Amino acid sequence: MRTPVPDYLAHVLDDCDDHHIGQLADYIPELAQANPNQLALAISTVDGEIYSVGDDEVEFTIQSMSKPFTYAYVLQHLGIETVLNKVGVEPSGEAFNQISLDKENRPKNPMINSGAITTHSLIPTDGSQSSAEILRAFMSELAGRELHFDEQVYASEIKTAYRNLSIGYMLRTVGILETDPVHIVNGYIRQCSIRVTVKDLVRMGSVLANGGVDPKTGKRLLNREVVRQVLSVMMSCGMYDAAGDWLTTVGIPAKSGVAGGILGVLPGQVGIAVFSPKLDEHGNSVRGIDIMERLSRDMGLHLMEAAPSAQTIVQSHYLTGVDDSISVYVLRGVLKFTEAEMLLRILQNEPEGHSKIVIDLSKISLIQDVGKRMFLEGIDRLIDDGHTLLLVDPERRLDHSRTYKDRVLHVFENLDELLEQQH
Ligand code: GLU
């Protein structure tokens with residue numbers, strides 16, 4: 001059998017192929033030379049699989065889709081508080097190149113140009129490498145291959161960068177930029193000229209979808225809190241003045257670029273990248289938006305359409321042993337807050353006494369931190385009630401050898417063995 005996923009993606013492209021409204025970005029002269037018919041789509045799964053169709057080998061400039069990665073880089077190196085002192089997180093409702101600041105004289109968010117120029121200025125450098133080079137290396141690591149600058153697009157944008165330069169001077173005037181604004185704006189424009197394919201973008205997106213760990217290498221590239229901050233800002237500010245529309249219709253944190261790319265990242269699920277150069281009046285790819293809307297609908301990806309938690313965390317419960325003195329709970333699924341609460345509510349019915357309670361965690365696929373904390377707390381309380389607790393946890397998902405009250409956890413490899421030993 002061949003998985004139908006690529007066929008489905010090809011079908012989505014076919015369906016939208018003859019849609020020709022929109023304009024090429026022409027304020028960067030080189031972008032006006034793009035082939036308007038190009039169309040590509042890729043998705044990455046959270047375990048690093050990549051599917052792509054259409055012009056998936058075509059490189060184009062990352063443009064504003066670099067902004068979330070620059071933001072991630074400075075958050076990772078300087079911490080969230082330091083960065084917040086310079087750039088806010090409020091949607092601006094304005095065009096991407098608006099010359100504006102919030103009440104505290106900060107750019108409103110890192111996804112508009114003023115905020116992105118500021119985050120670029122924050123990249124720590126010892127002078128041996130330019131900030132744009134540092135970012136190129138960082139994005140290459142995320143993409144899993146060496147990325148390059150597009151010298152032509154860079155040179156072309158530099159020649160006409162009056163608006164970004166005025167943003168730079170304005171930021172320097174209010175002290176948000178602390179060094180030469182021309183140099184910083186140059187670096188920012190260079191960052192925007194990094195060439196990517198949709199496959200690169202989704203590979204980069206898979207690291208964000210996977211909470212900061214590269215699913216291909218297992219290496220942690222970004223802290224969890226950094227990823228959460230970046231995706232939140234993409235959700236509220238990623239699509240410029242169309243953010244509200246995007247949130248309601250597509251509901252996937254995303255960032256677009258004026259070369260015609262859109263990168264969407266659904267935490268814990270997928271990265272999606274589309275490329276089609278013609279833009280709408282907000283600067284977002286017309287066919288890109290169509291495709292993202294379609295995928296969100298077909299694949300049930302809207303963030304607000306979260307799948308309900310498992311209806312039951314306890315797969316089975318039975319009594320065994322002499323006088324039914326052993327109470328066995330076999331759990332299955334994912335142990336997050338909702339399931340942990342459900343489990344503790346069920347365990348609450350265990351009568352106080354000296355019975356043994358066996359909890360089999362071997363069919364649990366994931367224990368979130370909160371699930372772990374609640375579980376360990378529950379165990380202490382059951383022991384307080386006089387119970388003996390025996391656990392089956394062959395993969396050591398609990399990752400603790402003692403409870404919070406410093407009681408040793410009795411952990412077994414296998415339920416049958418455990419029960420045999422008790423008879
Ligand atoms: N380099 C472009 C600019 O700063 C990026 C804009 C965009 O992609 O939205 O104007």
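Note that the structure is predicted; figures quoted are calculated from it, not measured. Counting starts at 1 for both ligands and their atoms, in listed order.
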Below a 4.0 angstrom heavy-atom separation, can you tell me which part of [X], side chain or backbone, both or neither, approaches ligand 1?
X    : value
N113 : side chain
M65  : neither
N164 : side chain
S64  : both

Is the shortest distance from a Lys or Arg side-chain nitrogen in [X] or [Y] to a carboxylate oxygen in the other one below 4.0 Å?
X    : Y    : answer
E225 : R228 : no
D393 : R397 : no
D7   : R2   : yes

Practice task
Among all protein heavy atoms, pick the one closest to atom 9 (O) of ligand 1 and tell me residue, atom and distance.
Solution key: Y240 OH, 2.3 Å

Practice task
Please report which non-hydrogen protein atom sits nearest to atom 4 (O) of ligand 1, along with the residue it belongs to and the distance in Å to one decimal place.
Solution key: Y188 OH, 2.7 Å

Problem - Any N97 heavy atom less than 4.0 Å to ligand 1 - result: no

Practice task
Enumerate the atoms of ligand 1 whose separation from the nearest heavy atom of G257 is less than 4.0 angstrom.
Solution key: 8 (O)

Exercise for the section: Can you sort out which atoms of ligand 1 are near C192, meaning under 4.0 Å from one of its heavy atoms? Expected result: 1 (N)

Would one find an N or O of [X], backbone or side chain, under 3.5 Å from an N or O of ligand 1?
X   : value
K67 : no
F96 : no
Y27 : yes

Exercise for the section: Look at the aromatic rings of Y188 and H120 and report parallel, tilted or perpendicular, splitting at 30° and 60°. Expected result: perpendicular

Exercise for the section: Kindly assign one of parallel, tilted or perpendicular to the pair F138 and Y73, based on the angle between their ring planes and the thresholds 30° and 60°. Expected result: perpendicular

Practice task
Could you check L101 against L171 for side-chain contact (heavy atoms from CB on, under 4.5 Å), going step by step and ending with a plain yes or no?
Solution key: CA-CA 9 Å; L101 295 170; L171 293 170; 3.8 Å; yes

Problem - Chi angles and distances behind the side-chain contact (heavy atoms from CB on, under 4.5 Å) call for T45, Y51 - result: CA-CA 9 Å; T45 63; Y51 299 98; 4.3 Å; yes

Handout entry: Beyond-backbone contact of M374 with E341, side-chain heavy atoms, under 4.5 angstrom
Key = yes

